Amino acid sequence: MSHRLIPHIQKELEEIRAAGLYKAERIIDSHQGVEIRLADGRTVLNFCANNYLGLASHPRVIQAAHEALDRWGYGMASVRFICGTQSVHKALEKAIADFLHTDDSILYAAAFDANGGVFEPFFGPEDAIISDSLNHASLIDGIRLTKAQRFVYKHADMEDLARRLQEASKARFRVIVTDGVFSMDGDYAPLPEIIQLARQYDALVIVDDSHATGFVGQTGRGTPEKFGLLGAPELIITGTLGKALGGAMGGFVAGPAPLIEYLRQRSRPYLFSNSLSPVIAGTALSIFHWLSETTELRDRLEENTRYFRQGLSKLGFTIKGDDHPIVPIMLYDAVLANRFADALLEEGIYVIGFSYPVVPKGEARIRVQLCAAHTREHLDKALSAFEKVGRRLGVVTPTF
Ligand SMILES: *Cc1c(COP(=O)(O)O)cnc(C)c1O
């Protein structure tokens, strides 16, 4: 006889399925990239990876990974402070800090861990954490691990943020927390206004730039660069190596040297979890060197984004955001969004429909993510598929 938890969970699973919220995993049988082979044999164009710069399987990155494997080995089998720190980890931390114009940085196994470990060491019951309502789950969890006072401001609403800062004026320390780019809408945090309020109310600012580091801003330094705020003294930046920067895994916190030094002493996911694989550390290091030499990849991504957004707008689709490679195509209806995504897959275009609870009710959409490795042919093929399916499903009207 199985424990009664088992049937209880089976029933929960049935309810998830019945509600149409079950997340099935599509199996890929090739490298990650813009052209992928699915396990059922179909080859499709991928428009839903976080592989913004096309580095996940770039030949140069694979070569760097082979070299890192040979030079540094596979694993460390240790946390950093026992015997898990190689010179490649220190070099990568320095490269990240230099790239982001901060004093220092600290590596984690993932951005989820970076966000899980960046609050609790600094903030206690005397302090106030003021968070955007649409912040990533990992920031929310990291904040939950503290005993700090918590305030949530309406998404990107600076009047509401000012009110929360006012309410928190008695706290010892205040910190404003935001995603740099919000993944469902492809919109930016209003960083200049946030920094201005932070200065007015003597607050720190933590920006999770996971959907920005490597490609947002003229040289890919992220949202602070886009807004002319690189090196702002109140900024702490968290981010991932699991998206634009090769897409393997790993995360980091970058900021003022004493804060980073203190995280090495007190941050639990850093102290009690294994050191990042040297293969990833060495490969990420070579990626940061590459991105510091040339803006070629982020420039191509920017051009692809402009072309694709213009193409969709001309076809009559309603899209959100203005220049980020996350392109949300609004369909509003959950069933329609799923049918649209299925029909696109039949046309060889792999995208995903998002609906409640991932986005608000009545705001179902398809989210396209562009990549530097998409060619003009890839983009044209996707635009034709959107046009064909959009007409068939009555989302856009034919224009003759
Ligand atoms: C993807 C993402 C994360 C998680 O990154 P991992 O390195 O995969 O853990 C954290 N924050 C934001 C904003 C993200 O988009």
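What you are looking at is a predicted structure, and each value in this text was computed from that prediction instead of being measured. Atoms within a ligand are numbered from 1 in the order they appear, just like the ligands themselves.
Checking Asp323, Asp322, Thr223 one by one against Tyr188, the side chain to side chain donor-acceptor pair (under 3.5 Å) holds for a single residue, Asp323.
Every atom of ligand 1 is numbered from 1 in the order shown, and the set under 4.0 Å from a heavy atom of Asp179 is 13 (C). Atoms of ligand 1 found under 4.0 Å from any heavy atom of Thr240 (numbered from 1 in listed order, with element): 5 (O), 6 (P), 7 (O).
Taking atom 14 (C) of ligand 1 as the reference point, the nearest protein heavy-atom neighbour is Lys243 NZ, 2.8 Å. The protein heavy-atom contact nearest to atom 12 (C) of ligand 1 is Asp208 OD2, 3.2 Å. In terms of protein heavy-atom proximity, atom 9 (O) of ligand 1 is nearest to Phe112 N, 2.9 Å.
Considering backbone and side-chain atoms together, Ala111 places an N or O closer than 3.5 Å to an N or O of ligand 1. For the pair Gly242 and ligand 1, the shortest N or O to N or O distance does not fall below 3.5 Å.
Checking His378 against Glu35 by side-chain atom types alone, a donor-acceptor pair falls below 3.5 Å.
Here Arg298 pairs with Glu302 in a salt bridge; the nearest charged N to carboxylate O distance falls below 4.0 Å. The pair Asp141-Arg144 meets the salt-bridge criterion, since a charged nitrogen lies less than 4.0 angstrom from a carboxylate oxygen.
Only the side chain of His211 comes within 4.0 Å of ligand 1, judged by heavy-atom distances. With a 4.0 Å cut-off on non-hydrogen atoms, Ser210 touches ligand 1 through its side chain and not its backbone. Using a 4.0 Å cut-off between heavy atoms, Ser138 contacts ligand 1 through its side chain alone, with no backbone atom that close.
Cation-pi check for Arg264 over Phe81 is not met; the charged atom does not lie both under 6.0 angstrom from the ring centroid and within 45 degrees of its normal.
Ring-plane geometry between Phe308 and Phe47 is classed as parallel, the angle between the planes falling under 30 degrees on a 0 to 90 degree scale with a further cut at 60.
Within the 4.5 Å cutoff, no side-chain heavy atoms of Asp208 are placed close to those of Asn135.
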